[in-house]
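Order of the sequence lines fixes the chain letters, A, B, ..., with proteins taken first and strands second; residue numbering starts at 1 for each chain. In this text the structure is predicted, and so the values were computed from the model without any measurement.
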Number of protein chains: 2
Amino acid sequence: MDGIASLITIDRFSPVPLYFQVATTLEDLIESGQLPAGSRLDTEVTLADRLGLSRPTMRQAIQTLVDKGLVVRKRGVGTQVVHSAVRRKVELTSLDDDLRRANREPRTQVLAFSVAPAPEPIRAALHLEPGTEVFTIERLRFADDEPLALMHNHLPRAVAPGLTAAQLGERGLYQVLREHGVQLRIADQTIGARRATTAEARLLGEGRGAPLLTMQRTAYDHAGRAVEFGSHVYRADRYSFEVSLVAR
Amino acid sequence: MDGIASLITIDRFSPVPLYFQVATTLEDLIESGQLPAGSRLDTEVTLADRLGLSRPTMRQAIQTLVDKGLVVRKRGVGTQVVHSAVRRKVELTSLDDDLRRANREPRTQVLAFSVAPAPEPIRAALHLEPGTEVFTIERLRFADDEPLALMHNHLPRAVAPGLTAAQLGERGLYQVLREHGVQLRIADQTIGARRATTAEARLLGEGRGAPLLTMQRTAYDHAGRAVEFGSHVYRADRYSFEVSLVAR
DNA sequence: CAGTGGTCTAGACCACCTT
DNA sequence: AGGTGGTCTAGACCACTGA
């Protein structure tokens, strides 16, 4: 019995860091059930030895799984795979990502698309210098041909200089940003609720005063630069937010 | 000029890990503005040298700040403090914590408190064996004497065997759990909205059909054990959720 | 080219848990 | 008492950035 080490192969000539190769392999083994919930991993020293790695490298691999909440370490005891239901991903998701993952057909109607110096509240939300030009985008989003959300976005022109309305008709904003090389890292969101205005109700196909879910979000990239500010309303009867929080 | 190293003292005889001493000190320096947004930290090697630490230990200290989104590392460049507005804490907060932090006076009316074998949906949400006994708690929460939220909670009796209704009248559930030695680590939340029922509107002092924010949460401790399931409604005109997400 | 962070090694001692 | 993860050291080489 050599534990799980035989299921892990590492490539010393790959540009992928060793700890990352091990971490992703272990993640797959957990995800596929070959490392069932509650099972114990071999010790760090044993695994490092069997894989021909140093213990710090092995530790770094396991640490990434701890950070994701996949396993739990206990001093004097060992490392255990946590209960399966606890495994949720903490992700920076977009509506478009959510819909595609749920196999619902997203569609977008771009209601407005313009470039202008940032109005004061937007300038402040994005921490920009006065006069900085921003895109202003208004979109109506559909899922399976039902209206779902009305979205207002603002982003500095410099973030995605070549952005066009046509791109946004095809794909979600976050995917377009990824194609422009923008990597989001942090998002601050405020989620609330209120009654729909008459105009909102008409666009979303809801009755007057229907409850709407609201979300304001400011997103930042890896360098801490504010990339996007959005103010959105969602039909409460067709959408809800799922959030996973991991304490540090 | 010896940078910031002179502002950091470490205690080799403290039981607090060295990397943690350094990390918290740096965090304080950033929070207090002595390390302003955009400023560069000394290099890892320099800091380690000045503080008499090895580089891996110094790296570990800085890494905790990176995980919190306080600083950004760039290979070949250095480590920079990110823009101040990006600094938000990702926390597992309770309503009680939120209110106390905002200096609003929380008050609780316990409407129901009982112990019984878990009903099926609760049993499933908490991943319990059939027949496991759970507390069922219903509370009306006030802030500054205005009704704010109606909260239903369920938790396994074994999690906090000595729990009483009186404790919940004084403090928030999460604080009571902390006093019982329960450390929460992960929470999965679903946030939505709907119209208030007649009973909810009456309890919350709202009009009929007023929009409410809804939240269902399952919380897990460090061992991955499901500790609590809650189903809550909040007055949308007086409450909203703030969530910060950090991509990994 | 020099300097930075990213990765990796081969040890060591300790605190904590189980037996 | 023996085994576990938690911390720490003193090096090494590499990839990337900027001047």
Side-chain angles (χ1 to χ4, degrees), chain A residues 3-5 8 10-24 26 38-67 70-82 181 183 185 222-224 248, chain B residues 3-5 8 10-24 26 38-67 70-82 181 183 185 222-224 248:
Chain A
I4 57 168
I8 304 173
I10 60 178
D11 177 3
R12 290 251 164 204
F13 299 101
S14 162
V16 179
L18 297 178
Y19 79 90
F20 196 82
Q21 294 183 37
V22 175
T24 51
L26 284 173
S39 65
R40 281 241 303 270
L41 265 60
D42 297 325
T43 71
E44 297 175 350
V45 177
T46 304
L47 278 173
D49 199 37
R50 294 232 177 91
L51 294 175
L53 299 172
S54 68
R55 187 182 161 209
T57 300
M58 193 60 223
R59 256 187 86 75
Q60 191 177 5
I62 295 177
Q63 185 60 45
T64 69
L65 300 183
V66 173
D67 290 342
L70 288 169
V71 302
V72 176
R73 284 202 275 223
K74 285 184 197 157
R75 177 161 22 186
V77 179
T79 305
Q80 267 190 321
V81 180
V82 303
Q183 282 202 310
R185 176 166 166 80
H222 281 248
R248 295 172 187 289
Chain B
I4 57 168
I8 304 173
I10 60 178
D11 177 3
R12 290 251 165 205
F13 299 101
S14 162
V16 179
L18 298 178
Y19 80 90
F20 196 83
Q21 294 183 37
V22 175
T24 51
L26 284 173
S39 66
R40 279 241 305 268
L41 266 59
D42 297 326
T43 71
E44 296 175 349
V45 177
T46 304
L47 279 173
D49 198 37
R50 296 233 176 90
L51 295 174
L53 300 171
S54 67
R55 187 183 162 206
T57 300
M58 193 61 224
R59 255 187 87 73
Q60 192 177 3
I62 295 176
Q63 185 59 45
T64 70
L65 301 183
V66 173
D67 290 342
L70 287 170
V71 301
V72 175
R73 284 203 275 225
K74 286 184 199 156
R75 174 156 31 179
V77 179
T79 305
Q80 266 191 320
V81 180
V82 302
Q183 282 202 311
R185 176 165 166 80
H222 276 69
R248 296 175 186 286

Please give me every residue in residues 11-22 of chain B whose heavy atoms get under 4.0 Å of an atom in DNA chain D, ordered by residue number.
B:R12, B:P17, B:L18, B:Y19

Between [atom2] on [N] and [atom1] on [X], what's the gap in Å once rounded to a whole number?
X: B:D42; N: C:dG3; atom1: CG; atom2: C1'; value: 14 Å
X: A:L53; N: C:dA10; atom1: CG; atom2: P; value: 10 Å
X: B:L51; N: D:dC8; atom1: CG; atom2: P; value: 13 Å
X: A:R73; N: D:dT7; atom1: CZ; atom2: P; value: 9 Å
X: A:M58; N: C:dT7; atom1: CE; atom2: P; value: 16 Å
X: B:Q80; N: C:dT4; atom1: CD; atom2: P; value: 14 Å
X: A:L47; N: D:dG3; atom1: CG; atom2: C1'; value: 15 Å
X: B:D49; N: C:dG5; atom1: CG; atom2: P; value: 14 Å

Contact pattern, 5' to 3', of nucleotides 13-19 of chain C - B, S or - by protein heavy atom under 4.0 Å:
--BBS--

Identify, between B:G52 and A:R40, the residue whose nearest nucleotide on DNA chain D lies closer to the 5' end.
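Looking at the nearest nucleotide for each, A:R40 comes out on the 5' side.
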
Which pairs with one or both residues in residues 70-80 of chain B pass side chain to side chain donor-acceptor pair (under 3.5 Å), sequence neighbours excluded?
B:E44-B:R73, B:Q63-B:R73

Partner set under side chain to side chain contact (heavy atoms under 4.5 Å, CB included) for [X], not counting sequence neighbours:
X: B:T57; value: B:L18, B:Y19, B:L53, B:S54
X: A:S39; value: A:L35, A:P36, A:V81
X: A:A48; value: A:M58

Are any of A:T57's side-chain N or O atoms less than 4.0 Å away from OP1 or OP2 of C:dT7?
no

Taking only side-chain N and O atoms of A:T79, does any of them lie within less than 4.0 angstrom of OP1 or OP2 on D:dG5?
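For A:T79, the contact criterion (side-chain N or O under 4.0 Å from OP1 or OP2 of D:dG5) is met.
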
How would you list, by chain and number, every residue that makes a side-chain hydrogen bond (donor to acceptor under 3.5 Å, both in side chains) with B:T43, sequence neighbours excluded?
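Expected list: B:T46.
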
Proximity to the side chain of A:R59 - top-ranked nucleotide from D:dG5, D:dC8, C:dT7
D:dG5

Taking the minimum atom-to-atom distance to the side chain of A:T43, which one of D:dT4, D:dG11, C:dA10 wins?
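Among D:dT4, D:dG11, C:dA10, the one nearest the side chain of A:T43 is D:dT4.
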
Is there a side-chain contact between B:L47 and B:I4 in this structure, where contact means two heavy atoms from C-beta onward sitting under 4.5 Å apart?
yes

